[in-house]
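What follows is a short report on a single structure.
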Amino acid sequence: MLPVHLAKGLAGTDPSPLEPAGPLWQRVPTRDENGAPLADFMMLVPRLKQRSSEQQRDVLARINRVLLSYQSSVVFAELNLRTNLLWVSIRPRLGLCLELPAAIHALVPEALLVAPYWR
């Protein structure tokens with residue numbers, strides 16, 4: 001699992017020995033620092049875990065580029081290589097749960113929006 005660090009993005013994480021983290025539902029923030037609810041979406045990147053390390057890093061770099069361009073809205077992001085699933089929590093803004101996945105899909109065409117979720 002590669003959690004995003006907003007200063008560095010996904011590419012700034014260390015993909016070497018990863019330790020299991022707690023369940024996602026325990027780690028994902030549900031509210032921002034002001035108590036406002038957050039929105040989430042998930043994207044599936046099929047067969048990512050079966051690709052070479054170099055190909056995985058390339059996909060991470062492309063996703064990271066998009067997330068960093070939306071860094072004022074992205075609160076949390078994690079790519080789980082075991083499940084090929086990208087989870088992103090954002091500050092709600094009209095249309096952003098479709099705009100941001102579309103921007104990721106433009107750079108990573110195999111990435112598929114699984115479901116937006118509004119709390």
Side-chain angles (χ1 to χ4, degrees):
M1 287 174 246
L2 302 172
V4 71
H5 300 283
L6 290 181
K8 298 178 183 176
L10 279 169
T13 60
D14 179 12
S16 53
L18 297 173
E19 301 198 13
L24 193 59
W25 64 269
Q26 290 178 335
R27 294 179 289 112
V28 172
T30 57
R31 298 194 173 272
D32 69 10
E33 63 278 357
N34 299 317
L38 300 172
D40 305 295
F41 65 87
M42 296 181 291
M43 294 188 81
L44 184 64
V45 185
R47 297 176 295 285
L48 181 60
K49 69 181 173 188
Q50 290 133 356
R51 296 184 190 176
S52 70
S53 295
E54 186 176 303
Q55 291 170 326
Q56 289 176 355
R57 288 185 216 290
D58 177 56
V59 169
L60 279 169
R62 288 184 274 149
I63 292 171
N64 183 57
R65 201 170 333 159
V66 175
L67 292 177
L68 288 175
S69 69
Y70 286 89
Q71 70 183 16
S72 63
S73 297
V74 175
V75 175
F76 176 88
E78 180 173 283
L79 179 62
N80 184 320
L81 285 175
R82 187 172 43 90
T83 60
N84 300 318
L85 191 67
L86 173 67
W87 180 288
V88 181
S89 295
I90 57 173
R91 298 176 202 288
R93 179 172 58 90
L94 187 60
L96 189 59
C97 272
L98 296 176
E99 177 184 328
L100 184 49
I104 292 170
H105 181 73
L107 292 183
V108 184
E110 64 274 25
L112 306 168
L113 181 62
V114 174
Y117 177 67
W118 297 272
R119 290 190 192 102

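Closest of all the heavy-atom pairs between A39 and C97 is CB-SG, 3.8 Å. Minimum interatomic distance between P29 and S89 (heavy atoms only, all atoms of both residues): O-OG, 4.1 Å. Counting all heavy atoms, side chain and backbone alike, L113 lies closest to M42 at CD1-O, 3.4 Å.
Residues V74 and L100 are in side-chain contact: their nearest non-hydrogen atoms beyond the backbone lie under 4.5 Å apart. Residues W87 and N80 form no side-chain contact, since every pair of their non-hydrogen atoms from C-beta on lies 4.5 Å or further apart. With a 4.5 Å cut-off on side-chain heavy atoms, R47 and N84 do not count as touching. When side chains are defined from C-beta on, L48 counts as touching L79, because their heavy atoms get closer than 4.5 Å. Looking only at side-chain heavy atoms (C-beta outward), M43 and V108 stay at 4.5 Å or farther from each other.
In this structure, CG in L68 is found 12.0 Å from CD1 in I63, a value given to the nearest 0.5 Å. Rounded to the nearest 0.5 Å, atoms CG (D40) and CD1 (I90) are 8.0 Å apart. The CG atom of L67 sits 5.0 Å away from atom CD1 of I104, with the distance rounded to the nearest 0.5 Å. Note that CZ of R57 is 14.5 Å distant from CZ of R62, once rounded to the nearest 0.5 Å.
The backbone N or O of S72 lies less than 3.5 Å from a partner atom in the side chain of R91, making a donor-acceptor pair. The backbone N or O of N34 sits less than 3.5 Å from a side-chain atom of D32, completing a donor-acceptor pair.
Residues R93 and E99 are paired through a salt bridge, judged by an N-O separation under 4.0 Å between the basic side chain and the carboxylate.
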Exercise. Please lay out, stage by stage, how R51 and D58 fare under the test side chain to side chain contact (heavy atoms under 4.5 Å, CB included).
Key: CA-CA 10 Å; R51 296 184 190 176; D58 177 56; over 6 Å; no
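Under the 4.5 Å side-chain heavy-atom criterion for ILVMFWY residues, no single connected hydrophobic cluster contains both L96 and L112.
Heavy-atom contacts from other residues, nucleotides or ligands closer than 6.0 Å to CD of E54 number 12 or fewer.
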